[in-house]
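Working notes, structure below.
Not measured: the values here are computed from a predicted model.
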Amino acid sequence: MAQLQVEHIAKDYPTRADRLTVLRDVSFAAAAGQSVAIVGPSGSGKSTLLSIIGTLEHPTSGRVLLDGLDPAGLDEPRLAAFRNERIGFVFQDHHLLPQCTVLENVLVPTVAAGATSAESTGRARELIDRVGLGHRLEHRPAELSGGERQRVALARALICRPAVLLADEPTGNLDRTTAGRIGELLLALHEQEQMILLVVTHSERLAGLMAQQFELDDGTLKPLDA
Ligand SMILES: Nc1ncnc2c1ncn2[C@@H]1O[C@H](COP(=O)(O)OP(=O)(O)O)[C@@H](O)[C@H]1O
Ligand SMILES: [Mg+2]
């Protein structure tokens, strides 16, 4: 069963004047099937924390272990493979490829992992069905609404059966009703796939759907008061 350990993560950025400390000491753990919301004001380091957990950025100190493995020790090709196979990302903006169809967009991570097999095409179709877009396989992102694009982004994030799904303000660009539907869909997919789900959000409603809630405040993570 997948296990994520975030241990004493600190991150500072050098600036012209001095160093900007974004994260001071962030620790938490989560196991497969658990969901965690992280809230906090703009600029509090939420995206930085997700980027570090997703191996897109290095911490200044501390470490992240997935099933006991610290990906910081991997060389670049192995790190890219690790990220592709074990981590799913959903961003505020969908980041879909405009020239590709819905089906092709969902298959992109499997191409990076090697040849696209009949099995991955089957899983892509099934995921697209589950996010309610089975009738839109050949459509391009420009032909979809914001909520539909985010549904495609969810299917793409899950195609490689990641151990961890990282969602950074996944409903931030959507109207309230659409955001509510995406939140429910995220939860349903989490229930089915049983990955570790980490969601950064401004939405109290979305945060409230997760089993655990933390607030990022002054570079540390605190349990959010109910
Ligand atoms: N590459 C960078 N270089 C310098 N400062 C950065 C960099 N990335 C983020 N920051 C700063 O770190 C702080 C936290 O940013 P971020 O993690 O994006 O916050 P949030 O997602 O909570 O809004 C901000 O003050 C931001 O300006
Ligand atoms: Mg952010």
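A continuous path of Ile, Leu, Val, Met, Phe, Trp and Tyr side chains, each step under 4.5 Å between heavy atoms, connects Val164 with Phe28, placing both in one hydrophobic cluster. Under a hydrophobic clustering in which Ile, Leu, Val, Met, Phe, Trp and Tyr are joined whenever their side-chain heavy atoms come within less than 4.5 Å, directly or via other members, Val64 and Val22 fall into the same cluster. One hydrophobic cluster holds both Leu154 and Leu144 under the rule that ILVMFWY side chains link at heavy-atom gaps under 4.5 Å. The hydrophobic clustering, which links ILVMFWY residues whose side-chain heavy atoms are closer than 4.5 Å, places Leu23 and Leu224 apart. In the hydrophobic cluster analysis, where Ile, Leu, Val, Met, Phe, Trp and Tyr join through side-chain heavy atoms closer than 4.5 angstrom, Met210 is grouped apart from Leu50.
Taking CD of Gln92 as the reference point, atom CG of Leu174 lies at 9.0 Å (rounded to 0.5 Å). Summarising the geometry, atom CD1 belonging to Ile128 is positioned 12.0 Å from atom CZ belonging to Arg136; distances are rounded to the nearest 0.5 Å. Note: Gln213 CD to Leu206 CG = 10.0 Å, rounded to the nearest 0.5 Å. Atoms CZ and NE2, on Arg156 and His95 in that order, are 8.0 Å from each other to the nearest 0.5 Å. With values rounded to the nearest 0.5 angstrom, Asn105 atom CG is found 11.5 Å from Ile159 atom CD1. Of the inter-residue distances, the one linking Glu148 atom CD with Leu133 atom CG reads 5.5 Å to the nearest 0.5 angstrom.
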>> Go through it in stages, so that I can follow the logic: the residues are Gln34 and Ile196, the test is side chain to side chain contact (heavy atoms under 4.5 Å, CB included), and I'd like the CA-CA distance, side-chain angles, deciding distance and then a yes or no.
In response: CA-CA 5 Å; Gln34 295 185 333; Ile196 298 165; 5.6 Å; no
>> Set out, in order, the CA-CA distance, both residues' side-chain angles and the distance that settles salt bridge (Lys or Arg N to Asp or Glu O under 4.0 Å) for Glu215 and Lys222, then state yes or no.
In response: CA-CA 5 Å; Glu215 183 177 18; Lys222 296 168 182 158; over 6 Å; no
> For Val152 and His94, what are the C-alpha separation, side-chain angles and deciding distance, and is it a side chain to side chain contact (heavy atoms under 4.5 Å, CB included)?
Replying inline: CA-CA 8 Å; Val152 180; His94 52 83; over 6 Å; no
>> Let's go through His190 and Leu165 carefully: what are the C-alpha distance in whole Å and the side-chain angles of both, what is the deciding distance for side chain to side chain contact (heavy atoms under 4.5 Å, CB included) to 0.1 Å, and is it a yes or a no?
In response: CA-CA 9 Å; His190 176 247; Leu165 178 61; over 6 Å; no
> How far apart are the C-alpha atoms of Val131 and Leu189, what are their side-chain angles, what is the distance that settles it, and do they pass the side chain to side chain contact (heavy atoms under 4.5 Å, CB included) test?
Replying inline: CA-CA 9 Å; Val131 301; Leu189 291 167; 4.1 Å; yes
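For Arg205, there are no side chain to side chain donor-acceptor pair (under 3.5 Å) partners, not counting sequence neighbours. By the ring pair (Phe, Tyr, Trp, His ring centres under 6.0 Å) test, Phe89 pairs with Phe91, sequence neighbours left out. Taking Arg176 as the reference, nothing meets the side chain to side chain donor-acceptor pair (under 3.5 Å) condition, with sequence neighbours excluded. For the salt bridge (charged side-chain N to carboxylate O under 4.0 Å, His left out) test, no residue two or more places apart in sequence or in another chain qualifies with Glu191. A search for salt bridge (charged side-chain N to carboxylate O under 4.0 Å, His left out) contacts involving Asp25 returns nothing, not counting sequence neighbours. Looking at residues two or more places apart in sequence or on another chain, you find no side chain to side chain donor-acceptor pair (under 3.5 Å) involving Thr60. Qualifying salt bridge (charged side-chain N to carboxylate O under 4.0 Å, His left out) partners for Glu204, counting only residues two or more places apart in sequence or in other chains: none. In this structure, Asp129 has no salt bridge (charged side-chain N to carboxylate O under 4.0 Å, His left out) partners at least two apart in sequence or on a different chain. Listed by chain and residue number, Glu193 satisfy the side chain to side chain donor-acceptor pair (under 3.5 Å) test with Arg123 (two or more places apart in sequence, or in another chain).
Between Ser35 and Ala211, the shortest heavy-atom contact is OG-N, 2.8 Å. Between Asp168 and Ser47, the shortest heavy-atom contact is OD2-OG, 2.6 Å. Minimum interatomic distance between Ala124 and Leu107 (heavy atoms only, all atoms of both residues): CB-CD2, 3.9 Å. The shortest non-hydrogen separation linking Asp67 to Ala2 is OD1-CA, 3.1 Å. Nearest heavy-atom pair across Pro141 and Pro98 is CD-O, 3.7 Å. For the residue pair Lys46 and His202, the shortest heavy atom distance occurs at NZ-NE2, 4.1 Å.
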Tabulate below the donor-acceptor pairs under 3.5 Å that side-chain atoms of residues 76-83 make, not counting sequence neighbours, or state none.
{"residue": "Arg78", "atom": "NH1", "partner": "Asp75", "partner atom": "OD2", "Å": "2.8"}
{"residue": "Arg83", "atom": "NE", "partner": "Thr55", "partner atom": "OG1", "Å": "2.9"}
{"residue": "Arg83", "atom": "NH2", "partner": "Thr55", "partner atom": "O", "Å": "3.0"}

Sequence neighbours excluded and cut-off under 3.5 Å, please list the side-chain donor-acceptor pairs for residues 177-184, or say none.
{"residue": "Thr178", "atom": "OG1", "partner": "Asp175", "partner atom": "OD1", "Å": "3.0"}
{"residue": "Thr178", "atom": "OG1", "partner": "Asp175", "partner atom": "OD2", "Å": "2.8"}

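Residue Met1 shares its hydrophobic cluster (ILVMFWY side chains chained together at separations under 4.5 Å) with no other residue.
With hydrogens and angles left out, the side-chain atoms of Ser117 and Ser120 include a donor and acceptor closer than 3.5 Å.
Between Val199 and the choices Ile38, Leu186, Leu166, the side chain to side chain contact (heavy atoms under 4.5 Å, CB included) rule is met once, by Leu186.
Checking side-chain atoms of Ser44 against main-chain N and O of Asp217 turns up no donor-acceptor pair under 3.5 Å.
Considering only heavy atoms from C-beta on, Arg19 comes within 4.5 Å of Pro14 through its side chain. Within the 4.5 Å cutoff, no side-chain heavy atoms of Asp12 are placed close to those of Leu20.
Within a 6.0 Å sphere centred on NE2 of His135, heavy atoms belonging to other residues, nucleotides or ligands number more than 12.
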